[in-house]
Trainee: 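Once you've had a glance at the structure underneath, I'll fire off some questions.
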Amino acid sequence: TEIYTLSLHDALPICDFEKVQSLDGVFVANAYAGSSDKELQTYITFDMGREWRSLTPPAFDEQGLPSTCKPAQGCFLNLFGLVDQEGAEYDASGLGRFYSVPSAVGILFGTGNTGRALDASGPVHTYFSRDAGITWEVVRAGRWAYEIADHGALLALAPRDEATNHLLYTWNEGALWEPCNFTAASAPVNIENLITETSFTSQKFLLYGDTKNSNGKTVGVLISADFSGMHERECTGANSPDTPSSDYETFDLEVGCVLGQKTTYVRRKATSQCFNPDTHPVDKRNSEICQCTELDFECFSRQIGRAHV
């Protein structure tokens, strides 16, 4: 007989639930806050749904000032998810969902707000995490389309709140964002989305949206942005991470054990401005089996049995 256990109370009837693609056991979901049937909060789990926690708000707000949003006062970071259909609790059109890709370890984007609950009617900003959602920062004020390429080495943003003639890109995970101007479009473009190919390993993006032609008619636009000709050097030192000469570092979740083990990954350092080869794998180095504690046991049929960890 298949055994099921309740994981998250008061989740949306329409699925607002997403796996963090690059890591095992990590998921993000939206659920009603406490007894409220209107207020939605965002939660994250690092152990396949056994325990859920609210998202920690950024230390600084969209203006670069120390944030006044404190978890002790019931204020958290909340992100919009996949829901954009009839019957949804909010209108997600024009809002980026919480987003990760399989080839970029620990990197997440999201669109949302700080506060007690999700609120699309107030200020909405774009957020970024490089530690799988443990900590977050405001990457840009407002609503932006975002994409992850080259195993996370190349990131791009395009504004959704206004027409634009450029996108922003970074080789160092947001330490410096630089503009890339469109040359093909004669007028600013209303960006609908920004995408890359499905393995997320290339250095090319495709933007689509609409603009006005010389006759004032709205027409669709496709724009290709190819960064492979920028001649960034190829990353080296994957076999010697954390050394001064290597472009790579080790990464593990700072939350202890996940699914009964602590896994170490190898990924590019944020400060290394280089590109990963297309064949660069998601590199899991060590999996340390964790010592069981009392929390790893559960009651079932009047017996004490070891939980699945």
Side-chain angles (χ1 to χ4, degrees), residues 61-64 79-86 88 90-101 104 107-113 119-128 137-150 152-232 273 275:
D61 65 16
E62 68 279 2
Q63 297 177 333
L79 303 176
F80 295 96
L82 292 167
V83 174
D84 62 355
Q85 48 193 293
E86 185 177 354
Y90 56 81
D91 179 8
S93 57
L95 295 169
R97 60 184 175 90
F98 25 79
Y99 184 64
S100 64
V101 302
I107 293 180
L108 285 81
F109 277 104
T111 303
N113 61 276
D119 183 7
S121 64
V124 171
H125 304 302
T126 302
Y127 298 88
F128 173 73
E137 63 184 77
V138 184
V139 68
R140 276 294 181 274
R143 309 175 190 211
W144 291 68
Y146 32 77
E147 187 56 282
I148 303 168
D150 190 32
L154 179 61
L155 311 176
L157 296 170
R160 278 180 160 156
D161 285 336
E162 59 185 5
T164 185
N165 59 5
H166 69 274
L167 62 79
L168 298 178
Y169 69 95
T170 178
W171 286 100
N172 48 31
E173 297 184 11
L176 175 65
W177 289 94
E178 299 183 76
C180 173
N181 294 323
F182 307 151
T183 57
S186 58
V189 178
N190 297 300
I191 300 296
E192 183 174 342
N193 206 1
L194 165 68
I195 60 175
T196 188
E197 46 76 43
T198 55
S199 69
F200 307 98
T201 60
S202 81
Q203 299 168 52
K204 301 176 183 179
F205 298 100
L206 185 67
L207 301 94
Y208 57 91
D210 61 70
T211 189
K212 298 285 188 181
N213 64 13
S214 57
N215 297 321
K217 181 180 179 181
T218 299
V219 293
V221 175
L222 284 173
I223 299 174
S224 175
D226 185 354
F227 290 84
S228 61
M230 294 189 67
H231 305 297
E232 292 288 342
Q273 292 194 199
F275 72 89

Trainee: Taking Glu137 for the side chain and Val139 for the main chain, is one N or O donor matched with an acceptor at less than 3.5 Å?
Mentor: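 Flag not set: sc Glu137 to bb Val139 has no pair under 3.5 Å.
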Trainee: Who passes side-chain hydrogen bond (donor to acceptor under 3.5 Å, both in side chains) against Ser100, sequence neighbours left out?
Mentor: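 Scan of Ser100 (side-chain hydrogen bond (donor to acceptor under 3.5 Å, both in side chains), adjacent residues dropped) gives none.
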Trainee: How many angstroms lie between CZ in Arg97 and OH in Tyr146, if you round to the nearest 0.5 Å?
Mentor: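 Reported to 0.5 Å precision, the distance equals 8.0 Å.
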Trainee: From Ile223 CD1 over to His166 NE2, what is the distance, rounded to the nearest 0.5 angstrom?
Mentor: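 Rounded to the nearest 0.5 Å, the CD1-NE2 separation comes out at 12.0 Å.
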Trainee: Look up atom CG in Leu167 and atom CG in Leu157, then write down how far apart they are to the nearest 0.5 Å.
Mentor: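 One finds 8.5 Å between CG of Leu167 and CG of Leu157.
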Trainee: Can you tell me how far apart OG1 (Thr164) and CG (Asn181) are? Round to the nearest 0.5 Å.
Mentor: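 So the gap between those two atoms works out to 8.5 Å.
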Trainee: With a 4.5 Å cut-off on side-chain heavy atoms, are Glu147 and Phe109 touching?
Mentor: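 When only atoms from C-beta onward are counted, Glu147 and Phe109 do not touch, as no gap falls below 4.5 Å.
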Trainee: If you compare all heavy atoms of Glu162 against all heavy atoms of Asn190, which two are closest, and at what distance to 0.1 Å?
Mentor: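 Shortest heavy-atom separation between Glu162 and Asn190 comes out as C-OD1, 4.5 Å.
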Trainee: Do Tyr169 and Gln203 touch side chain to side chain, with heavy atoms closer than 4.5 Å?
Mentor: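 A side-chain contact is absent here, since even the closest heavy-atom pair is not under 4.5 Å.
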Trainee: When rounded to the nearest 0.5 angstrom, what distance separates NE2 in His125 from CZ in Arg143?
Mentor: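 Atom-to-atom, His125:NE2 and Arg143:CZ are 10.5 Å apart.
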Trainee: Verify side-chain contact (heavy atoms from CB on, under 4.5 Å) between Ile107 and Phe128, making sure each step is shown before the conclusion.
Mentor: CA-CA 8 Å; Ile107 293 180; Phe128 173 73; 3.5 Å; yes
Trainee: Any idea which heavy atoms bring Asn113 and Pro123 closest together, and the distance?
Mentor: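 Nearest pair, atom of Asn113 first, then Pro123: CB-O, 3.6 Å.
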Trainee: Can you check whether Leu207 reaches Phe182 side chain to side chain, under 4.5 Å on heavy atoms?
Mentor: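 Yes - at least one pair of side-chain heavy atoms lies under 4.5 Å apart.
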Trainee: Between CZ of Phe227 and OG1 of Thr196, what distance do you get to the nearest 0.5 Å?
Mentor: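 Separation between the atoms: 10.5 Å.
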Trainee: Which pair of heavy atoms, one from Leu155 and one from Phe205, lies closest together, and at what distance?
Mentor: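 Nearest heavy atoms, Leu155 then Phe205: C-CZ, 4.4 Å.
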Trainee: Could you check whether any side-chain heavy atom of Leu168 comes within less than 4.5 Å of a side-chain heavy atom of Glu178, counting everything from C-beta outward?
Mentor: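 No, their side chains stay 4.5 Å or more apart.
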Trainee: Kindly say whether Trp144 contributes a backbone atom to a donor-acceptor pair with the side chain of Thr126 at under 3.5 angstrom?
Mentor: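 The answer is yes, because a donor-acceptor pair under 3.5 Å joins these two groups.
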Trainee: What residues, two or more places apart in sequence or in another chain, satisfy side-chain hydrogen bond (donor to acceptor under 3.5 Å, both in side chains) together with Asn172?
Mentor: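 With sequence neighbours excluded, Asn172 shows a side-chain hydrogen bond (donor to acceptor under 3.5 Å, both in side chains) to Thr170, Gln273, given in chain and number order.
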Trainee: Ala120 and Leu95: which non-hydrogen atoms are nearest, and at how many Å?
Mentor: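 Heavy-atom minimum between the residues: CB-CD1, 4.5 Å.
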Trainee: Looking at every non-hydrogen atom in both residues, tell me the closest pair between Asp61 and Val138 and how far apart they are.
Mentor: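 Minimum heavy-atom separation between Asp61 and Val138: C-CG2, 4.0 Å.
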Trainee: At their closest point, which heavy atom of Ile148 faces which heavy atom of Phe200, and how far apart are they?
Mentor: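 Between these two residues, the closest heavy atoms are O-CD2, 3.6 Å.
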